[in-house]
Amino acid sequence: MLIVKDLHKSFDGADGPVAVLRGVDLRLEAGQTMALTGDSGSGKSTLLHLIGGLDHADSGTITLDGTDITALDDAGRAALRRDRIGVVFQQFNLIPSLDVAANIAFQARLAGKHDRDWADRLATRLGLTDHLKKYPEQLSGGQQQRVAIGRTLAAKPSLVLADEPTGNLDEDSGARVLELMLALVEETGASLLTVTHSQSLAGHMQRQLHLRHGRIDG
Ligand SMILES: Nc1ncnc2c1ncn2[C@@H]1O[C@H](COP(=O)(O)OP(=O)(O)OP(=O)(O)O)[C@@H](O)[C@H]1O
């Protein structure tokens with residue numbers, strides 16, 4: 001379970017600090033899916049980065065399955081990202097020098113959790129079995145994002161964070177990627193928090209939260 005309490009984050013602006021998050025509270029149960037929407041610049045990606053341990057909060061707490069992420073040092077946050085959190089970005093962020101099979105196995109290998117059967121099953125479910133020896137540049141955008149989802153889920157994270165996961169894809173391809181991601185997240189029992197501008201994507205999540213003026217607004 002993910003619990004965020006009274007989270008604050010400011011950035012230095014030209015005229016002094018700019019408060020982006022001003023007391024964010026949220027709770028995501030194990031296995032739940034949630035969309036985070038909000039205007040451009042409202043702080044959605046900032047919140048996702050803090051939850052993913054990619055940046056420090058100014059104050060407040062973020063607890064994932066009992067571990068307070070805000071209390072961890074850099075090494076602790078890196079270990080948490082490796083072992084328990086999976087991130088899917090808009091730009092698929094695959095490793096260009098590795099083929100599809102190695103990209104899928106990458107994070108699981110780092111986490112010491114590589115499971116050949118699970119990786120094979122994921123590749124089948126994601127329609128990638130004919131592409132395992134290809135390199136990212138030889139794939140379409142939708143295929144690349146399916147590899148990125150495979151890489152994330154191969155490591156069996158308890159929390160998947162997605163930042164506009166279908167933002168670079170056309171409607172059909174985006175819908176297929178979303179459907180597969182939701183099915184596989186459900187199968188693994190992970191929680192999913194997705195940042196999106198798309199109402200249609202948000203509508204597929206069990207819960208929807210809106211970020212406004214630095215706080216959660218419904
Ligand atoms: N590293 C940084 N340094 C300074 N300001 C930052 C930094 N990261 C984000 N900001 C500022 O914080 C605010 C929120 O940015 P963020 O990217 O979280 O918004 P967002 O809701 O994800 O926007 P979008 O929907 O356009 O992606 C913006 O005003 C942005 O300029």
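Remember, it's 1-based here, ligands and their atoms both numbered in the order they're listed.
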Next item on the list: Indicate the atoms forming the closest heavy-atom contact of Thr61 with Leu7, along with that distance.
Entry: N-CD1, 4.2 Å
Note to self: Tell me the protein heavy atom at minimum distance from atom 9 (C) of ligand 1, and give that distance in Å.
What the structure shows: Phe11 CE1, 3.4 Å
Note to self: How far is atom 17 (O) of ligand 1 from the closest protein heavy atom, and which atom is that?
What the structure shows: Ser45 CB, 3.7 Å
Check: Is the shortest N/O to N/O distance between Asp12 and ligand 1 below 3.5 Å?
Finding: no
Next item on the list: Have a look at ligand 1 and work out which part of Leu211, if any, has a heavy atom under 4.0 Å from it: side chain, backbone, both or neither.
Entry: neither
Notebook entry, point to check: Ser158 pairs by side-chain contact (heavy atoms from CB on, under 4.5 Å) with which of Ile85, Thr188, Asp83, Asp65?
Noted result: Asp65
Checklist line | Note, Met181 side chain near Gln145 side chain (heavy atom, < 4.5 Å) | finding: no
Notebook entry, point to check: Hey, are Gln32 and Arg207 close enough side-chain-wise for a donor-acceptor pair under 3.5 Å?
Noted result: yes
Margin query: Strictly inside 4.0 angstrom of atom 1 (N) of ligand 1, do you find any protein heavy atom?
Written below: yes
Margin query: So that I can tick it off, tell me whether Asp115 and Lys156 are bridged by a salt bridge, with the cut-off set at under 4.0 angstrom between side-chain N and carboxylate O.
Written below: yes
Check: Is it true that Arg116 and Asp120 make a salt bridge, defined as a side-chain N closer than 4.0 Å to a carboxylate O?
Finding: yes
Next item on the list: Please identify which atoms of ligand 1 are closer than 4.0 Å to at least one heavy atom of Asp39.
Entry: 21 (O)
Notebook entry, point to check: Could a heavy atom of His49 be found less than 4.0 Å from some atom of ligand 1?
Noted result: no
Margin query: Please work out, at 4.0 Å between heavy atoms, whether the side chain, the backbone, both, or neither of Glu164 comes within that distance of ligand 1.
Written below: neither
Notebook entry, point to check: Heavy-atom distance to atom 14 (C) of ligand 1: which of Ser10, Gly38, Gly41 wins?
Noted result: Gly41
Next item on the list: Could you check Leu184, Leu192, Ile149 and say which one makes a side-chain contact (heavy atoms from CB on, under 4.5 Å) with Val160?
Entry: Leu192
Next item on the list: Report the nearest protein non-hydrogen atom to atom 12 (O) of ligand 1: residue, atom name, distance rounded to 0.1 Å.
Entry: Val20 CG2, 3.3 Å
Note to self: Give me the atom names and distance for the closest heavy-atom approach of Lys44 to Leu36.
What the structure shows: CD-O, 3.8 Å
Margin query: Does either side chain, that of Ser59 or that of His8, offer a donor lying less than 3.5 Å from an acceptor on the other one?
Written below: no
Check: Considering only heavy atoms, which of Ser40, Ala19, Gly43 lies nearest to atom 19 (O) of ligand 1?
Finding: Gly43
Note to self: As an exercise, identify every atom of ligand 1 less than 4.0 angstrom from a heavy atom of Ser42.
What the structure shows: 19 (O), 21 (O)
Notebook entry, point to check: Which atoms of ligand 1 are found less than 4.0 Å from any heavy atom of Lys44?
Noted result: 18 (O), 19 (O), 20 (P), 21 (O), 22 (O), 23 (O), 24 (P), 25 (O)
Next item on the list: Quick one: look at Thr46 and ligand 1, take heavy-atom pairs under 4.0 Å, and tell me if it's side chain, backbone, both or neither.
Entry: both
